[in-house]
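Below is one structure; the comments refer to it alone.
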Amino acid sequence: MTVTALTTAEDVPAPASVTMTKALNQALRDSLAEDDTVLVFGEDVGRLGGVFRVTEGLRKEFGPERVWDSPLAESGIVGTAIGMAMAGMRPVIEMQFDAYAYPAFEQIVSHVAKMRNRTKGHVSLPITIRIPYAGDIGGVEHHSDSSEAYWCSTPGLTVVTPSNPADAYSLLRESVASEDPVIFMEPKSRYWMKDKLSLPVQTAPMDRAQVVREGSDVTLLTYGPTVRTALAAAEDGAEHGLSIEVIDLRSLSPFDDETVSASVRKTSRAAIIHEAAQFGGYGAEVAARVTEANFTHLSAPILRITGFDVPYPSPKLEEYFLPTAERILDALESWDWEL
Amino acid sequence: MTVTALTTAEDVPAPASVTMTKALNQALRDSLAEDDTVLVFGEDVGRLGGVFRVTEGLRKEFGPERVWDSPLAESGIVGTAIGMAMAGMRPVIEMQFDAYAYPAFEQIVSHVAKMRNRTKGHVSLPITIRIPYAGDIGGVEHHSDSSEAYWCSTPGLTVVTPSNPADAYSLLRESVASEDPVIFMEPKSRYWMKDKLSLPVQTAPMDRAQVVREGSDVTLLTYGPTVRTALAAAEDGAEHGLSIEVIDLRSLSPFDDETVSASVRKTSRAAIIHEAAQFGGYGAEVAARVTEANFTHLSAPILRITGFDVPYPSPKLEEYFLPTAERILDALESWDWEL
Amino acid sequence: MTIDVPTSRRALPQLQPVSFIGADGQPADVPADGLTIPSDRTLLGLYQKMVQVRRFEAQVTHLTRQGRLATYPSAAGQEAIEVGATTALAPNDWLFPTYRDSASLLTRGVPVTEILAAFRGDWHCGFDPNEYHTSPAATPLATQTLHATGFAMAAKLKGEDACTLTFLGDGASSEGDTHEAFNFASVWQTPTVFVLQNNQYAISTPLREQSNATMLADRAAGYGMPGLRVDGNDIAAVFAAVTAALERARNGEGPTLIECLTYRMESHTNSDDPTKYRDAEEVEHWKQFDPIDRLEKHLRTAGVLDDETAAEITASAEELATSVRDAMNTEAEVDPSELFAYVYANPRANLIAQQGKLEAELAAAAQS
Amino acid sequence: MTIDVPTSRRALPQLQPVSFIGADGQPADVPADGLTIPSDRTLLGLYQKMVQVRRFEAQVTHLTRQGRLATYPSAAGQEAIEVGATTALAPNDWLFPTYRDSASLLTRGVPVTEILAAFRGDWHCGFDPNEYHTSPAATPLATQTLHATGFAMAAKLKGEDACTLTFLGDGASSEGDTHEAFNFASVWQTPTVFVLQNNQYAISTPLREQSNATMLADRAAGYGMPGLRVDGNDIAAVFAAVTAALERARNGEGPTLIECLTYRMESHTNSDDPTKYRDAEEVEHWKQFDPIDRLEKHLRTAGVLDDETAAEITASAEELATSVRDAMNTEAEVDPSELFAYVYANPRANLIAQQGKLEAELAAAAQS
Ligand SMILES: Cc1ncc(C[n+]2csc(CCOP(=O)(O)OP(=O)(O)O)c2C)c(N)n1
Ligand SMILES: Cc1ncc(C[n+]2csc(CCOP(=O)(O)OP(=O)(O)O)c2C)c(N)n1
Ligand SMILES: [Mg+2]
Ligand SMILES: [Mg+2]
């Protein structure tokens, strides 16, 4: 399904500095304006505009019947969204932090993911579940989890994540318009990232990865918060004569095998980078499937450069936990390049 | 921690035919007898003895203060078990089916897994969460999930699964005795599997994998319900001149790299087999880490022979969904053996 | 000087369950505000449905024992709730049933094969929810109470005249989702009726180990929601209470909790062994409260039911039983490709590839 | 003939919150069965603690504004509950606090640096729970209510004289876990006291959008558990109610729910902007119910507090504030290897390898 821009080419405003928060906010505003069945509710998304201000101003603009504060219960939020979707609505709900999506786990995994299959396609659940995720914001415990692996290993869910304001807008518009339920993961540490942009904007389709920097020696696969880290590594690597290609996966489930394999076959080496712990993390799927599809083209195993296999640490220890550009370059060095 | 057998060598009974259910039951009985802090509670584990009869007779033998039926609420069961463990108890709790562990997801992921780390080791939670998992029993929806990937990608949890009665006994005794919380996954379709055995029995340590059949051409890595399937494939393969080594992983987290790498370096080829869907499944971690550690020794990518990327189907479609010995052999054929 | 607080509130429901027709078929006379006994004509219709439903349950249980269905949770003994509550719904209302509520699906008009598809293992949900305004029967306990609440909220927001009714058990009442549903429904004042079938057991767990409340209907007060306990074996009471609650809902007066006191006469499912946890005497004791017997007595006393009509009703039930047997005699065809057909609206490369593999495998097998 | 049911039950709690000392410092005279006002000597001790706790909250909030702590949720305005409830505990009892309850940790004797470790980002929980018989402050809402219930169950099973007390907010009361905890505690009759701090807001969400109940204490009835509402800004009432509930718990009479009516005077945390969702007048209005002012008036009238004692108390509070500043002036050392040290009791190869890599990285960085 394509997203129709609400504004025509003529009245597109001149590019301005837009934060990811603002882009998400505008995507919700345009979705609400375009389609009356779109509803926005959750904890503190109304008057306050969300703890990250993503829903700021929407209650005022669309009224409390379209945008409202729910009681504080995540299973309740997802469970009632399911009922609304069955009644023909298109709820966009927020889990305040991703550790707070866990109380809704059963509703998401046993119903959101399975309703369409259960009913032979008679009942679709076009629900968008927005989840601010990942760390690097100095948050107290439970405020920096990366839960994408849970959702990605659940058949029936679609999982996307933007790394920049333009994608934030475009992916969210497409997610809201999708007939399939979407877990929309927002990288908290990138909320305040700005880009020059005119909204509305339409970027690549929501199921496609994007090459965000071309290179020939190695491919860095990543998404969300660590795209910036990978680009920084590529920059540094270039200074040391290493030509690094960076792919922003954007869509975690489904995985864009085509774009990724094309790159890996060119570079013959790849690494996957994410904040989440390594063991059983999303990077495992990436490494496994990219190896399967390109084994004879690889000159080294796919590296996983990730958080350690420990719970997300307290703020003073984040810097040691998170993958950095240096750690990426160190890891690349660990390969036997003569292989 | 080693498990002390309650019976001495002299009074070990002669080997008898023992089902996995019976072995699990005896493990709980011996744990309860040996240590008063062991408690068993959950839905229907008391009078009924559990829907799979794993706790049969225990309430009668140890009384309702040690073994009892709780109200019907999984988050409540896990949450109160946490409190009991903080007070020095060693609760062994049952989630009736693994889709019914999902309501307890937050308590498991945010507390069971993290309490020890949060408190710098001051508070351990020696809780065993028994989860009957996987399918092949003709169950209605939600009764055949394989949820191991969720637990394995959560740092702080230990995840083990037996494939046979002896391991069922030994792994459960060790799990109950472990200071770390353990997700103990019981393959439902193997509950009625019998082996000649004298209990108590002590098998390999709970963090070790086991070579259950030796072979030289290829290594099949698997666990729980599909060990039997892999062994059947090995049997059939032998008839076609393929020498297949089968490893029962037993411990899903941690992963026994040593045993697996030794085998893979010998055979140079490996496949991971499980019932759960492939995308983001546990097999991804196995494929990724085994490739990382043994890249130059591999002559083919690690195959994943798994359930399809769809929700677990209704009984009449299970046979098409589940990996079979034939499907394993077909998949092995797909390799280019001259590589 | 003290903080301002409200000075009145809704009282707890009456202790004695609302009942119009006693277990002996005589007037029970435990009314509640605003509830009146349905007309004998209505009761006769309900009687017929209960007889059919009971025959249905018996037939299906029998087929299950024969191994024709994998599993079946029977609502025998609970027919007054299944039929009474479901019949009170308008066609445009939506029903949110559980695994125990096949009888309500039948009452709602879902064809036998479509009801039994799940238990025969054909497909998870055998019917199109939109066709019958009925959600798939929920297996994960209590989850459906939230769906019913959300659906009703949507109807309210759209200004549509649709209420929702959901069943839940005494066991399910302990799940967090039930609490969240009661709370959301009451805060949002959704047109939802929660029908709690308190059949005294959750599998083997007796009510006293499930709850320490005097009655589960007492929960409603804590949400500012009206709560009511009725004799769940008296269909007159159930029908009246649900009809009144639906009327309140339609008038914008929000949700209601109705606890129906009843008893699960059969085992939990065919694979359960209730001798492990309850006495035969207890089951015997409850037989005297049978919902059909008492209504039959009442209708005969009232002169609405005579032997001829009774025979017709029995015949209609037998016809239904025959149709069940017939339906279960013809095996449903399953198509392995359907594994992949409905998971996503947007097709996925990995599923297409897996489907291709499976089809090749099947083709090869067909060859050999 | 009808089904046998109980003929009596626990009533809903009284509507008017229990209060001994009115907002004006005059006797409020809203008692409840079995509750008596604490002695003036006890009240003086509680007064001193409240003054200290308020000074603590102010000092920490100030440091947070200066960026010395990452975040801080203040309990300003809720001191009567934090201090009153916590003081009622015996040393052997266990406290299960939330992120909002630093003041209770202080009252429980946890050192300032250990309390603030979490907010300064040193470590998730800065103290040894076993040392203070106090659980780590829970951030995932309502989850701790189950821990408190389970702990109390264990104490009961072991025959140990230990009760548990847990705090939860009005927002947290909507979570499923709260319901499950109330239910488990009442079914198991555990020695647990649930102290619900109804401060009118869950971040920005006002109580009326959280619950449609007349009062949250009404929830208790649905679990067969005694419930009570007290003026949460009257420490005499809070202390008396919690003391009585603990006594019941110790006597094997099970759990109690105490709703304390209060108001969050500060923003949710320092990163919150309450002007988006509430009026300055509302905050102003609640100032007149201040828990410290009223107790001061009462104690002065009673002749227990004079200027000299008041000055001493202020001085002790200032001393505490100084110790807070000092503590926050010395940065805590963090050791990156601790990332791996406590995750498992049984060491793991993958963690050892990762720790080795990190240490090598740090060593290399130190070299260059
Ligand atoms: C979340 C969840 N936990 C556990 C189960 C397993 N289970 C199925 S039915 C049942 C008992 C339900 O009792 P009740 O709610 O009283 O309904 P009844 O079966 O008596 O109609 C249990 C524990 C489930 N289906 N869902
Ligand atoms: C499960 C969960 N969901 C959401 C949050 C985010 N959150 C933190 S505090 C809060 C509001 C809590 O309100 P209340 O329970 O009234 O306590 P108060 O902050 O007023 O003390 C929210 C939504 C959380 N911590 N845990
Ligand atoms: Mg029941
Ligand atoms: Mg609050």
Side-chain angles (χ1 to χ4, degrees), chain A residues 41-53 56-57 59-60 64 68-77 79 96-97 99-100 102-104 106-107 137-143 277-279 306-321 324 326-327 330-331 334, chain D residues 70-71 99 117-125 136 138-143 169-178 202-206 209-211 268 271-274 276-278 331-343 348 350-351 354-355 357-358 360-362 364-365:
Chain A
F41 70 101
E43 294 158 12
D44 306 297
V45 298
R47 294 178 189 78
L48 184 63
V51 294
F52 292 106
R53 307 297 184 266
E56 181 127 55
R59 182 180 196 264
K60 206 160 197 177
W68 74 95
D69 294 313
S70 72
L72 206 171
E74 293 78 9
S75 191
I77 293 167
Q96 207 163 74
F97 286 88
Y100 306 142
Y102 303 156
E106 180 185 37
Q107 289 285 358
I137 58 157
V140 295
E141 199 186 358
H142 306 292
H143 288 73
Q278 183 165 115
F279 195 90
T306 66
F308 299 121
D309 292 335
V310 305
Y312 197 91
S314 50
K316 285 200 183 145
L317 291 163
E318 293 191 285
E319 59 172 307
Y320 306 106
F321 176 88
T324 56
E326 276 158 350
R327 197 172 283 169
D330 277 0
S334 76
Chain D
T71 187
Y99 57 91
F119 301 113
R120 191 162 62 166
D122 303 340
W123 198 265
H124 298 315
C125 172
T139 316
L141 293 166
T143 53
D170 46 307
S173 78
S174 295
E175 291 280 5
D177 275 5
T178 299
I203 307 187
S204 70
T205 309
E209 293 180 21
Q210 197 66 252
S211 164
H268 172 69
S271 46
D272 178 37
D273 175 8
K276 302 230 166 172
Y277 55 81
R278 69 186 190 187
E331 267 305 318
E333 289 283 314
V334 293
D335 171 3
S337 298
E338 286 201 308
L339 276 173
F340 306 95
Y342 313 110
V343 186
R348 287 204 170 187
N350 54 332
L351 268 69
Q354 291 174 359
Q355 180 171 349
K357 272 196 195 168
L358 175 62
E361 209 179 83
L362 294 172

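All chains are named by letter (A, B, ...) in the order of the sequence lines, taking the proteins before the strands, and each is independently numbered beginning at 1. Everything numeric here is computed off the predicted structure, so don't read it as measured data.
Atoms OH and CG, on A/Tyr312 and D/Leu339 in that order, are 10.5 Å from each other to the nearest 0.5 Å. Separation of atoms CZ (D/Phe340) and OH (A/Tyr320) is listed at 12.0 Å; rounding is to 0.5 Å. Atom CD of A/Glu74 is separated from atom CG of D/Leu141 by 7.5 Å, given to the nearest 0.5 angstrom.
Heavy atoms of other residues, nucleotides or ligands lying less than 6.0 angstrom from CD of D/Glu331 number more than 12.
In this structure, no portion of D/Pro274 lies under 4.5 Å from any heavy atom of chain A. Heavy atoms closer than 4.5 Å to chain A are found nowhere in D/Thr178, neither backbone nor side chain. Heavy-atom distances place both the backbone and the side chain of D/Ala332 under 4.5 Å from chain A. For chain A, the nearby part of D/Glu361 is the side chain; its heavy atoms alone come within less than 4.5 Å. With a threshold of 4.5 angstrom between heavy atoms, A/Glu319 does not approach chain D through any atom at all. In this structure, no portion of D/Arg348 lies under 4.5 Å from any heavy atom of chain A. For A/Asp309, the parts lying near chain D are the backbone and the side chain together; criterion is any non-hydrogen pair under 4.5 Å. Contacts between A/Phe279 and chain D at a heavy-atom distance below 4.5 Å involve the side chain alone, from C-beta outward. Residue D/Asp170: no heavy atom, backbone or side chain, is found under 4.5 Å from chain A.
Side chain to side chain, A/Ser314 and D/Asp122 fail the donor-acceptor criterion of an N or O pair below 3.5 Å.
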Original post:
Where do D/Trp123 and A/Leu317 land on the side chain to side chain contact (heavy atoms under 4.5 Å, CB included) test, with the steps shown first?
Top reply: CA-CA 8 Å; D/Trp123 198 265; A/Leu317 291 163; 3.4 Å; yes
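Counting heavy atoms from C-beta on, the side chains of A/Phe308 and D/Leu358 come closer than 4.5 Å. In this structure the side chain of A/Arg327 never reaches within 4.5 angstrom of the side chain of D/Lys357, judged on heavy atoms. Counting heavy atoms from C-beta outward, D/Thr71 and A/His143 have side chains that stay 4.5 Å or more apart. Here the side chains of A/Tyr100 and D/Thr139 are in contact, with some heavy-atom distance below 4.5 Å.
Pairing each heavy atom of A/Gly138 with each of D/Ala70, the nearest pair is O-CB, 3.9 Å. For the pair A/Val140 and D/Ala118, the tightest heavy-atom approach, listed with the atom from each and the gap, is CG1-O, 3.7 Å. Annotation for D/Gly121 and A/Pro315: closest pair CA-CD, 3.5 Å, computed over non-hydrogen atoms. Nearest heavy-atom pair across A/Ser70 and D/Thr205 is O-CG2, 4.1 Å. Across every non-hydrogen atom of A/Leu48 and D/Lys276, the tightest pair is O-CD, 3.9 Å.
The side-chain hydrogen bond (donor to acceptor under 3.5 Å, both in side chains) search around A/Asp69 returns A/Arg47, not counting sequence neighbours.
Within the 3.5 Å criterion, the main-chain N or O of A/Leu72 finds a donor-acceptor partner in the side chain of D/Gln210. A donor-acceptor pair under 3.5 Å is absent between the side-chain atoms of D/His124 and the main chain of A/His142, judged by distance alone.
Per-residue heavy-atom pair counts under 4.5 Å with chain D were compared for A/Glu318, A/Glu326, A/Arg53, and the maximum is reached by A/Arg53. For chain A, the option among D/Leu351, D/Ile203, D/Val334, D/Thr143 with the highest count of heavy-atom pairs below 4.5 Å is D/Ile203.
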